[in-house]
Amino acid sequence: MGGTIAVERILGEGGALIREPLLRIERRFVVYEAMLRQRRFDTIMMRAQRQGRIGFHLGSEGEEAAILGVAEALADTDFLVPCYRESAALFHRGFPIESFVDQSVGNARDVNRGRQMPVHFSSADHRCLSVSAPIGTQIPHAVGVGYAAKMRDERIAVAVFFGDGATSSQGFHEGLTLAAALEVPVVFFCRNNRYAISLPVEEQCRAETLVDKAVGYGIPAYRVDGDDVLAVHFRACKALAEARSARRPIFIELLTYRRGAHSSSDDPTRYRSEVPPRDPIQIFRDHLYTLEAFDEEAIGRRIDAFDRDLRAMLRRAEAAPKPSIESIVEGVYAKPTRTQLRQLEAIQAAREL
Amino acid sequence: MVEALRGALAEEMERDANVIVIGEDIGRLGGVFRVTDGLLERFGRDRVIDAPLAEGGIVGTAIGMAMHGLRPVVEIQFADFIYPAFDQLVNEAAKMRYRSGAQFAVPMVVRAPAGGGIKGGHYHSQSPEAYFAHTPGLKVYYPASPNDARAMLLEAIRDPDPVIFFEPKRVYRAVREPREDYEVRERARILRPGEDISCISYGASIYECLEAAEAAARRGIEVEIIDLRSLIPLDEETLDRSVRHTGRALIVHEAPLTGGYGGELVAGIVERNFAWLRARPMRVAGIDAPFPYALELEALPSARRILLAIEALMRESEEALPQTVFGDARDSRQGGLAAARTEDREPKNDSGVKKGDEDSVEGAMEIK
Ligand SMILES: Cc1ncc(C[n+]2csc(CCOP(=O)(O)OP(=O)(O)O)c2C)c(N)n1
């Protein structure tokens, strides 16, 4: 079934264009810089984790094209429903990286006051829902947000991300079932990076392709080379526009590769040894070299400046105070219960011992 | 503890070809905590199943396997991810024997690393045992030491009923001991004898209890530490004997206080032993909040909080008890309701084991 759906590409050999992209030339440089910045960001944060400065990190090495191609296609009013690997999409919407760093350190400046593990971001200001570790749970949430938008007569789309592993989860199957039945303006972006921690996608799913699952639920589906940022952007623009106007769900499989470890807790040498495919950053750069206005040096200088900025952010985050003890019970309910306050007192008493 | 669990799995798989393990990343990777490391090479793909990401499906499939002759051992990667399988556990596994007139049973083990203290935040730290303890038909085991883990896993696999087997991941690598083989048989264990307070706990919190007991001993308070090991079924006999002896009960667990298993323990202790109590029972538990990240050590029951409770319990029973109920609380061994029952208190030797009763407790009381 899905095998007959051609994989969409725009970037060809040597950076030539197979077809006309929707991404304007100036924006190509912006997106390229965001890809590089994200790579640098993940590198530094992984190192900070190794040094024990932050407890955990989960990066997007190799998936920058898939994530930023979609982020670039989103309108500010569209909702972003992340899995966990999409911090680049949130940064692309203007979310300050320093907030992410504060959250990773878990200090008092973090909007969530150190309550969540690193990489569990959220930002209502940027219409980005809250990352949850349990796989697939966000998928029905996206359906609900889409339904609410339809009820409120908003012409917006909801973009929800998840991995190939998540296509086995309850959230996926129930979410797609509801999406089709309720006809919601949701675009499902499946980052097929070939692995769910150690499990290769072929063992996750015996259908020919992951889009077969969407087709089975009656949702139109596309397959896109997720390492081709122009192709991702092109299909995301079309799908999001259609979701906004026709108010129906669309499924897009982004074929990519998780180049790094699953997270800072993982050691991929235990379960794979293949040579990774070509890096999406290099693939895009081949194309940018064909453009006269491409100023690689200037971008390089800005990335180096970002590198210094990020290190300073880490130092500031570490110097910031720890969250107050009250933060443990604040926010569980709109107003802490009497039982919680009594428990808090016991904790405080023990600290003063 | 990781080695002990791995050894138990391998031994049982060797002994019984019907034992299979299934879970996420348990084959090639050997499990995220390496508990199943090497099993794939040794027992092959048919018996060591790297499953798709679908806990409800995994547990439901294991139930089917168990109903047709296999002995599945499921690994849930973190106890926090057991909820997609909640329906299968609570509505299916738990009720199968009962609803089929014992025509079908589910001899299945669901292993789940639980508890906090590893910087895991909301979703890699939870202690969900109370949800399962509340469900008739499920057994709930929670070993705290490597040898207990080994013995209890072997017994769980051979058990005719479904067992939810929580593993305190904070002590996976931290606690080692020379291998010793013995039976647990769903009995609690007195880890440290004491005259003054019965401190009842399970899982990783046991170690904070032991630390607090040491500190209390320096202040002249002798705390008896009881490791439940099996929450369901509950070894009421060992609990009651200890509580009747000390007259004071302190319950410690990591899970949030409200609706936690400690509430059930307190209720049972009071119901069965009211007349022997010299103070109200107390609980030291996790706070009623999702498990926090930055302040996780503050949220966990610490040795300090346990020590404070120990002191409060002593103080209250010595000074502040209402005389109308307990007589002269300052000397309750001689007066009041509690004293009226002193003759019922069982004689005991130094280890807390009633003389001549060793056989019936089957090693449950051995002291380490
Ligand atoms: C319900 C649930 N089960 C297990 C896990 C542990 N876990 C975290 S990520 C992951 C793999 C996810 O793979 P995929 O959906 O392909 O996303 P990717 O990490 O490759 O981006 C697993 C098994 C979890 N977070 N939630």
Side-chain angles (χ1 to χ4, degrees), chain A residues 55-56 105-108 110 112-118 120 132-137 163-171 173 196-200 203-205 262 265-268 270-272 322-325 327-332 336-337 339-340 343-344 346-351 353, chain B residues 24-34 37 45 49-58 77-78 80-85 87 118-125 256-258 284-296 298-309 311-312:
Chain A
F56 174 82
V105 169
N107 62 28
D110 168 23
N112 194 34
R113 316 254 248 117
R115 288 188 283 247
Q116 276 258 55
M117 227 177 139
H120 290 64
S132 179
I135 294 294
T137 49
D164 41 290
T167 66
S168 299
S169 71
Q170 280 170 14
H173 292 282
I197 309 187
S198 71
L199 196 70
E203 287 175 49
Q204 188 77 240
C205 172
H262 168 74
S265 315
D266 179 39
D267 172 12
R270 292 182 63 96
Y271 53 81
R272 70 178 186 190
K322 261 192 140 191
S324 69
I325 192 81
S327 69
I328 297 182
V329 296
E330 283 166 6
V332 182
T337 65
T339 317
Q340 287 180 310
Q343 293 174 330
L344 193 60
I347 290 178
Q348 274 161 335
R351 287 182 117 197
L353 198 69
Chain B
E24 292 158 15
D25 304 290
I26 65 160
R28 268 185 221 86
L29 182 62
V32 296
F33 293 105
R34 311 288 184 256
D37 198 17
R45 292 179 53 145
I49 305 172
D50 256 329
L53 209 168
E55 287 80 4
I58 292 170
Q77 201 162 81
F78 286 84
D80 315 56
F81 304 137
I82 202 167
Y83 308 114
D87 194 23
I118 61 152
K119 279 274 174 196
H122 301 352
Y123 299 112
H124 302 82
S125 312
L257 183 84
T258 300
V284 176
I287 197 158
D288 287 353
F291 200 88
Y293 174 74
L295 298 174
E296 67 169 351
E298 283 77 358
L300 283 168
S302 60
R304 275 176 171 199
R305 269 169 67 199
I306 299 167
L307 184 60
L308 272 183
E311 290 177 336

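Each chain gets a letter, A, B and so on, in the order the sequences are listed, and its residues count up from 1. This one's a predicted model, so the numbers in the text were calculated from it and none came from an experiment.
Nearest approach of A/Ile347 to B/Ala299, heavy atoms of both residues: CD1-CA, 4.5 Å. Across all their heavy atoms, A/Arg351 and B/Arg304 have their closest contact at O-NH1, 3.2 Å. Between A/Leu344 and B/Ile287 the shortest heavy-atom distance is N-CD1, 4.2 Å. In terms of heavy-atom proximity, B/Tyr293 sits nearest to A/Phe56 at OH-N, 4.5 Å. Shortest non-hydrogen contact noted between B/Pro84 and A/Gln170 is O-NE2, 2.7 Å. Between B/Pro292 and A/Ile328, the shortest heavy-atom distance links the atoms CG-CG2, 4.1 Å.
Not one N or O on the side chain of B/Glu298 forms a donor-acceptor pair closer than 3.5 Å with the backbone of A/Ile325. Using a distance-only test at 3.5 Å, with no hydrogens or angles considered, no donor-acceptor pair links the side chain of B/Arg305 to the main chain of A/Ala350.
Considering only heavy-atom pairs separated by less than 4.5 Å from chain B, the leading option among A/Pro323, A/Gly331, A/Pro336 is A/Pro323. Interface check for chain B: of the options A/Pro134, A/Gly55, A/Gly106, the most heavy-atom pairs under 4.5 Å are formed by A/Pro134. The candidate with the highest count of non-hydrogen atom pairs below 4.5 Å against chain A, out of B/Ser125, B/Ala294, B/Gly121, is B/Ala294.
Within the 4.5 angstrom heavy-atom criterion, no atom of B/Phe78 approaches chain A. Heavy atoms closer than 4.5 Å to chain A are found nowhere in B/Glu311, neither backbone nor side chain. With a threshold of 4.5 angstrom between heavy atoms, B/Ala285 does not approach chain A through any atom at all. The part of A/Ser327 that comes within reach of chain B is its side chain, from C-beta onward, which places non-hydrogen atoms under 4.5 angstrom from that chain.
A/Ile135 contributes atom CD1, which lies 9.5 Å from atom CD of B/Gln77 (distance to the nearest 0.5 angstrom). Remark: B/Arg34 CZ to A/Asp267 CG distance equals 6.5 Å, nearest 0.5 Å. For the atom pair CZ of A/Arg272 and CZ of B/Arg28, the computed distance is 12.0 Å after rounding to the nearest 0.5 Å. Atom CD of A/Gln343 and atom CG of B/Asp288 lie 4.0 Å apart (nearest 0.5 Å). The CD atom of A/Gln340 sits 10.5 Å away from the CG atom of B/Leu257 when rounded to the nearest 0.5 Å. Distance NE2/B/His122 to CZ/A/Arg115: 7.5 Å, rounded to 0.5 Å.
Residues A/Leu199 and B/Leu53 are not in side-chain contact: their nearest non-hydrogen atoms beyond the backbone lie 4.5 Å or more apart. Between A/Arg270 and B/Asp37, the closest side-chain pair of non-hydrogen atoms falls below 4.5 Å. In this structure, the side chains of A/Lys322 and B/Leu295 come closer than 4.5 Å at one or more pairs of heavy atoms.
Between B/Pro52 and the options A/Cys205, A/Ser169, A/Ser168, a side chain to side chain contact (heavy atoms under 4.5 Å, CB included) holds for only A/Ser168.
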